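Letters go in sequence order (proteins before strands), and every chain restarts at 1. Quick caveat: nothing in here was measured; it's all calculated off a predicted structure.
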Amino acid sequence: MGLALNVTFVGLTVVFLALIALCLVIYLFSKAFAVQKTVYAKNSQDVGGDKVCLEAEDNTVSSSNENFSSDEELIAVLTAAVQASMGYRSESNIIVKSFRRIPQNSPVWNFNSRMEQLAAKL
Amino acid sequence: MFSEFINTIKDLILHSAFVKGNWQEFLMLGIACFLIYLAVVKKYEPLLLLPISFGLLLANLPMAGLSSYDEGGLIYYLYQGVKKGIYPPLIFLGIGAMTDFGPLIANPKSLLLGAAAQLGIFATFIGATLLGFAPNEAGSISIIGGADGPTAIYVTSQLAPEMLGPIAIAAYSYMALVPLIQPPIMKLLTTKKEREVVMQQLRPVSKVEKVVFPILVTLLVSFFLPDAAPLVGMLMLGNLFRESGVVERITKTAQNELINIITIFLGVSVGATAKAENFLDPKTLGIIVLGLLAFSFGTAGGVVFGKIMYWATGGKVNPLIGSAGVSAVPMAARVSQKVGQEANPGNFLLMHAMGPNVAGVIGSAVAAGVLLSILK
């Protein structure tokens, strides 16, 4: 029984000490390298959280963005979002012709709280 | 000529397993079939329980000589990977490549919950000693409380290899039963108000943190406890592969082909250690009872520490995430999420619970190192 108590006491102590040490190291490390909330807020204010506007006039797709692969992805997302809102009817043959970014007009705290709500739902 | 024919048939029958087999072997074949049923139909941790149960069946085929102890056979050579402690660290390599430690890095206090949940290991050690098990046997049984199959197999193969079969079967069966074992204990130890706590969203974690984390953990834990180095080192190597982003091919291999192959070898050879004379022993009943106690104490330890953190932080930590400190990833985190949602349908505890859940993997590896360093 003495050995059992000894192993229990030593074992729990060592496990806690090791993980407390790890906890402290991670905490100190995060202070140096973590993505700061203030930096995020500043960046989002600068970038503005641009809105995307759809224009569907003919069957061609055009984009002013230089990165062609990310444009394709964005177009796919926009098409899916529009079709979802229209109920996936077969006759709703939506093709995104072009898109352009417009500046964000709502306050930065509105934008941040929308992002937080979305993240919470995910 | 006819009498020779009859004698030949008679000899064949007399040398067949139908006559030479004993009732213990037939009972073990029945147990193997039952475990296969649990794995296939009830889906109790089938990835390990199915090869383990079939290995058990092969080992108990009368006169077939297919157990892990029968020299010269395939399973004997496969078993050497278990005996020499090779397979569990390789499984940990795959687990590390599949694990995201982001929730843990974002909330390092989760490590304390992972530590508290290891109470199950040490409380079971006391219980096993009281029941008359030798220290090395008690250590092997108690590691079931870590809720980590490879760790349990690694420790048992070093301390009490003759108990490998029943301990592996108990460990994986109880891991599958986590959604049944944990909720009553969680509800018993917490109030509704505590279960309703909504936790603050986790901060984003940078790539630099995720890359440096595995290196830091390996150095720190191995310096503290060199016996934990094989498990923790391989876990963190797999994680470094994943987070570095520069070795996608070997990350995919570690996550898929490697872990699948080792799982097959490990499962079959561990199951094939459970011969009738090892398994049908009163000690097996003790293992089954103590295994349940181990999981229960581990859950209770994590929840109680979660309550301490709830009080210490003024109600910011939901104590339910403490139960995820048992390292049954991600099942225990899902249980915390489910019980939390029963109390507050709008509450999403899953990512918060993943922190203690993955911390439990590290905690159980450290606890295994402690047991090996004291009892080996």
Side-chain angles (χ1 to χ4, degrees), chain A residues 1-50 67 69-70 73 107-122, chain B residues 101 104-119 121-130 135 138-139 142 198 201-209 212-213 216-217 219-221 223-225 228 232 301 346 348 351 359 362-367 369-371 373-375:
Chain A
M1 190 58 192
L3 175 66
L5 289 171
N6 185 34
V7 167
T8 301
F9 180 71
V10 168
L12 279 172
T13 306
V14 170
V15 169
F16 266 97
L17 280 178
L19 296 191
I20 286 170
L22 198 52
C23 180
L24 283 170
V25 168
I26 293 170
Y27 176 73
L28 290 170
F29 192 73
S30 70
K31 288 290 171 195
F33 289 99
V35 176
Q36 299 293 331
K37 269 192 182 174
T38 49
V39 172
Y40 250 4
K42 189 171 182 299
N43 284 347
S44 64
Q45 194 173 9
D46 292 341
V47 168
D50 293 344
N67 188 339
S69 63
S70 67
E73 288 165 5
V108 68
W109 52 81
N110 285 11
F111 171 75
N112 280 337
S113 79
R114 273 200 303 273
M115 291 296 112
E116 275 183 20
Q117 281 180 3
L118 273 173
K121 281 193 166 85
L122 293 169
Chain B
F101 284 101
L104 173 61
I105 299 168
N107 186 17
K109 293 190 292 293
S110 308
L111 282 161
L112 303 178
L113 294 169
Q118 308 317 313
L119 175 71
I121 295 176
F122 298 102
T124 307
F125 186 83
I126 295 176
T129 309
L130 287 172
S142 63
V198 176
Q201 189 181 341
L202 294 171
R203 67 168 179 85
V205 175
S206 68
K207 187 177 157 94
V208 173
E209 289 176 281
V212 175
F213 174 79
L216 269 178
V217 171
L219 288 172
L220 201 62
V221 172
F223 270 61
F224 250 100
L225 215 52
V232 172
F348 293 93
M351 291 318 291
I362 301 173
S364 62
V366 172
V370 171
L371 290 173
S373 66
I374 296 175
L375 300 173

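Each of Val14(A), Val10(A), Asn6(A) was scored for a side-chain contact (heavy atoms from CB on, under 4.5 Å) with Ile374(B), with one residue passing: Val10(A).
Listed by chain and residue number, nothing satisfies the ring-ring contact (aromatic ring centres under 6.0 Å, His included) test with Phe224(B) (two or more places apart in sequence, or in another chain).
Here CG of Leu5(A) is found 13.0 Å from CZ of Phe122(B). Values are rounded to the nearest 0.5 Å. The line from CG of Leu22(A) to CG of Leu111(B) is 5.0 Å long, rounded to the nearest 0.5 Å.
Taking all atoms of both residues into account, the shortest heavy-atom contact from Ile26(A) to Pro108(B) is CG2-CG, 3.8 Å. The shortest heavy-atom contact between Ala18(A) and Leu220(B) is O-CD2, 4.4 Å. Closest of all the heavy-atom pairs between Met1(A) and Leu130(B) is SD-CD2, 3.6 Å. Listed here is the closest heavy atom pair of Leu112(B) and Phe16(A): O-CE2, 4.0 Å. Here the shortest heavy-atom pairing between Gln118(B) and Val15(A) reads CG-CG1, 4.2 Å. Contact record, Lys109(B) with Cys23(A): N-SG, 3.9 Å, taken as the closest heavy-atom pair.
With respect to chain A, the highest number of heavy-atom pairs below 4.5 Å among Leu119(B), Leu216(B), Val212(B) belongs to Val212(B). Between chain A and the residues Ala138(B), Ala123(B), Gly127(B), Ala116(B), the most heavy-atom pairs under 4.5 angstrom are made by Ala116(B). Contact tally against chain A (heavy-atom pairs below 4.5 Å) for Val366(B), Leu104(B), Ile121(B): the top residue is Val366(B).
Using a 4.5 Å cut-off between heavy atoms, Phe223(B) makes no contact with chain A at all. Heavy atoms of Leu24(A) lying under 4.5 Å from chain B are absent altogether.
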